[in-house]
Amino acid sequence: MIIKMLVFLVVLAIIFYFVTYPYNFKLNRKLKRVLNFSEVEKIPEKKVKYLDFSEEQLDERLVLEEKFYKSIYTDEVMRYLVLKPRELKGTPLCLVLCHGIRDKAEDWIHKAKLRENYLTLKEKGRVEDIIFILPDSGYRGESWYTNFYKDDNHRYEEFFSKNLTTLIKEKYPDSPKGIGGFSMGGYGALKIGLKNLDSYDVVGSFSGAISLIRMSINRRVMRIFRYLYVPRFLFNDVNKAHFVKVFSPWGYKILKNDPYSMIKKMDSNKFKNKKFYLSVGSEDKKPYLMFQQWLDVVGRAKKYNLDFRGKIYENEYHTWEYISKDIYNFLIFFTDETKKR
């Protein structure tokens, strides 16, 4: 009886693998459909657009401050950077940028070339004064911007949704606000943005992990997944073990934190006057299926009438170099959309 059961499970696993595998023909079919959306465009492979500034020039025009916040939701002091023009005129825009897994706030400065991109656009008159809030995610760059499962000492979503968002609203009450992020930070930005639409006017994800279950399985299996329990001992891989530590081994609990699933269940009226920016590199297909996730989420955004812009960067991968090109376009989008507000 036991042998028969094992054979059955093995056969079921093989069928599951072949049914859910991201075959190229499936991707091409979805891509063809998505490219017909008026909101989506392909960005040809290009060199960087930003100008070359010396450190002295950067320091003359921008100030970078390090801040700390003792939160009741975490057992660590949370750190963030504030990047802003030395001379502010009128009411500045305010933008939160969330980094990826095992990255840090400084990566926006040194890898994404945020200062160079911003000052280049400033010289062209394409952006206004912007105050950038660059938080560390916490937990050595692996917090997933999420409340850990059954762990009151690591409630990172509470910090970002309550402490940081409230702090920004109080300090810059009249400023149009946005939140965006790369990879894990794209996930955090979209989730926190969706849960705090009264606080953010623009929400952006740059190659984000915006459909958590899609990182491993086909989206159509989600209906089954919500009823599953995944024992932790099955995860020998460090990343997967940490994922379960954060989100829990229960399928339905993971889906509660999944932006793809959240969009479907939200009141569509909450999306009014909110702008979304969703980008991805065309070659960002493995190992975490970011391109596949992007296709699914863009399809859902279209279905549920989110006001979004989708961009596919040709021949780009899951790198900060790609982000150093994408942030240029996002800053223009952020500025233009908040001007309309």
Side-chain angles (χ1 to χ4, degrees), residues 66-82 96-108 133-170 179-197 199-200 203 205 208-216 225-226 228-262 288 290 293:
E66 183 180 41
K67 305 281 188 179
F68 295 92
Y69 192 103
K70 184 65 179 77
S71 174
I72 63 172
Y73 300 112
T74 69
D75 64 357
E76 63 182 300
V77 176
M78 300 300 291
R79 172 180 176 270
Y80 63 96
L81 303 177
V82 178
V96 180
L97 292 174
C98 304
H99 64 72
I101 195 165
R102 288 184 289 277
D103 292 330
K104 53 189 177 182
E106 282 85 352
D107 288 331
W108 288 105
I133 310 297
L134 313 174
D136 278 336
S137 79
Y139 205 76
R140 302 181 299 278
E142 298 182 84
S143 78
W144 278 95
Y145 304 92
T146 294
N147 298 334
F148 285 20
Y149 178 59
K150 291 186 176 181
D151 185 346
D152 289 338
N153 292 322
H154 299 94
R155 298 164 66 191
Y156 295 100
E157 184 183 320
E158 299 298 316
F159 165 72
F160 285 98
S161 290
K162 295 182 179 178
N163 294 153
L164 189 63
T165 298
T166 301
L167 182 151
I168 293 169
K169 289 172 71 174
E170 291 177 349
I179 184 169
F182 167 46
S183 192
M184 178 188 77
Y187 160 76
L190 186 53
K191 180 180 74 168
I192 292 166
L194 286 170
K195 290 188 176 184
N196 297 275
L197 287 174
S199 300
Y200 295 104
V203 180
S205 167
I210 47 182
S211 180
L212 293 175
I213 309 306
R214 193 67 169 89
M215 294 173 73
S216 300
F225 185 86
R226 71 176 63 252
L228 296 183
Y229 175 85
V230 185
R232 297 189 185 197
F233 70 82
L234 293 179
F235 290 98
N236 295 320
D237 179 87
V238 174
N239 289 331
K240 292 180 179 178
H242 180 62
F243 183 91
V244 174
K245 173 184 173 65
V246 173
F247 293 102
S248 100
W250 289 101
Y252 76 94
K253 288 187 177 293
I254 297 174
L255 291 178
K256 283 184 177 179
N257 282 289
D258 175 48
Y260 175 82
S261 302
M262 290 165 57
Y288 298 116
M290 297 303 186
Q293 292 182 53

Query - Val82 vs Lys67, side-chain contact (heavy atoms from CB on, under 4.5 Å): CA-CA, chis, key distance, verdict - result: CA-CA 7 Å; Val82 178; Lys67 305 281 188 179; 4.0 Å; yes
Requested in this report: Applying side chain to side chain donor-acceptor pair (under 3.5 Å), run through Asp258 and Ser261 and close with a yes or a no.
Outcome: CA-CA 5 Å; Asp258 175 48; Ser261 302; 2.6 Å; yes
Query raised in the report: For Ile133 and Ile168, what are the C-alpha separation, side-chain angles and deciding distance, and is it a side-chain contact (heavy atoms from CB on, under 4.5 Å)?
Result: CA-CA 9 Å; Ile133 310 297; Ile168 293 169; 4.0 Å; yes
Requested in this report: Please report the C-alpha distance between Phe247 and Asn257 in whole Å, then the side-chain angles of each, then the deciding distance to 0.1 Å, and finally whether the side-chain contact (heavy atoms from CB on, under 4.5 Å) criterion is met.
Outcome: CA-CA 8 Å; Phe247 293 102; Asn257 282 289; 3.9 Å; yes
Report task. Apply side-chain contact (heavy atoms from CB on, under 4.5 Å) to His99 and Phe182, showing your working. Result -> CA-CA 6 Å; His99 64 72; Phe182 167 46; over 6 Å; no
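Residues Met78 and Pro135 fail the side-chain proximity criterion, which asks for heavy atoms closer than 4.5 Å. Side-chain atoms of Trp144 and Leu212, non-hydrogen and from C-beta on, do get closer than 4.5 Å to each other. Side-chain contact between Tyr80 and Leu134 is absent, with no heavy atoms from C-beta onward closer than 4.5 Å. By the 4.5 Å heavy-atom criterion applied to side chains, Tyr149 and Lys245 are not counted as neighbours.
Rounding to the nearest 0.5 angstrom, the gap separating the CZ atom in Phe159 from the OG1 atom in Thr166 is 10.5 Å. Here CG of Leu190 is found 11.0 Å from SG of Cys98. Values are rounded to the nearest 0.5 Å. Atoms CG and OG, from Asn147 and Ser161 in turn, are 8.0 Å apart once rounded to the nearest 0.5 Å. For the atom pair OG1 of Thr165 and CD of Glu170, the computed distance is 11.0 Å after rounding to the nearest 0.5 Å. Between the CZ atom of Arg102 and the CG atom of Asp107 there is a distance of 12.5 Å, given to the nearest 0.5 Å. Atom-to-atom distance recorded for Phe243:CZ and Ile101:CD1 is 10.0 Å, nearest 0.5 angstrom.
A salt bridge links Glu106 with Arg79: the closest approach of a Lys/Arg side-chain nitrogen to an acidic carboxylate oxygen falls below 4.0 angstrom. Under 4.0 Å is where a charged nitrogen must lie from a carboxylate oxygen, and between Lys191 and Glu157 at least one such pair does.
Closest heavy-atom contact between Tyr187 and Pro259: CE1-CD, 3.5 Å. Summarising the geometry of Lys256 relative to Lys195, their closest heavy-atom pair is O-NZ, 4.5 Å, with the distance given to 0.1 Å. Between Ile210 and Gly186, the shortest heavy-atom contact is CG2-O, 3.9 Å. Taking both residues in full, the closest heavy atoms of Gly181 and Ala189 are given as N-CB, 3.7 Å, listed atom of the first, atom of the second, then distance.
At least one donor-acceptor pair closer than 3.5 Å links the side chain of Asp136 to the backbone N or O of Ala105. The main-chain N or O of Ser211 is found under 3.5 Å from a side-chain atom of Gln293 such that the two form a donor-acceptor pair. Under a 3.5 Å cut-off, the side chain of Asp151 and the backbone N or O of Asn153 do form a donor-acceptor pair. Side-chain atoms of Asn196 come within 3.5 Å of backbone N or O of Ile192 as a donor-acceptor pair. Listed for the Ser183 side chain is no donor-acceptor partner under 3.5 Å among the backbone atoms of Gly185. In this structure, the side chain of Ser143 engages the main chain of Ser137 through a donor-acceptor pair within 3.5 Å.
When only modelled atom types and interatomic distance are considered, Asn163 and Glu158 share no side-chain donor-acceptor pair under 3.5 Å.
Here Tyr156 and Phe160 keep their ring centres 6.0 angstrom or further from each other.
Classification of the His242-Tyr139 ring pair by plane angle, with boundaries at 30° and 60°, yields parallel. In this pair, His154 and Phe148 present their aromatic rings parallel. The plane angle is below 30°, not in the 30 to 60° band.
In the displayed structure, Lys70 atom NZ is contacted under 6.0 Å by more than 12 heavy atoms of other residues, nucleotides or ligands.
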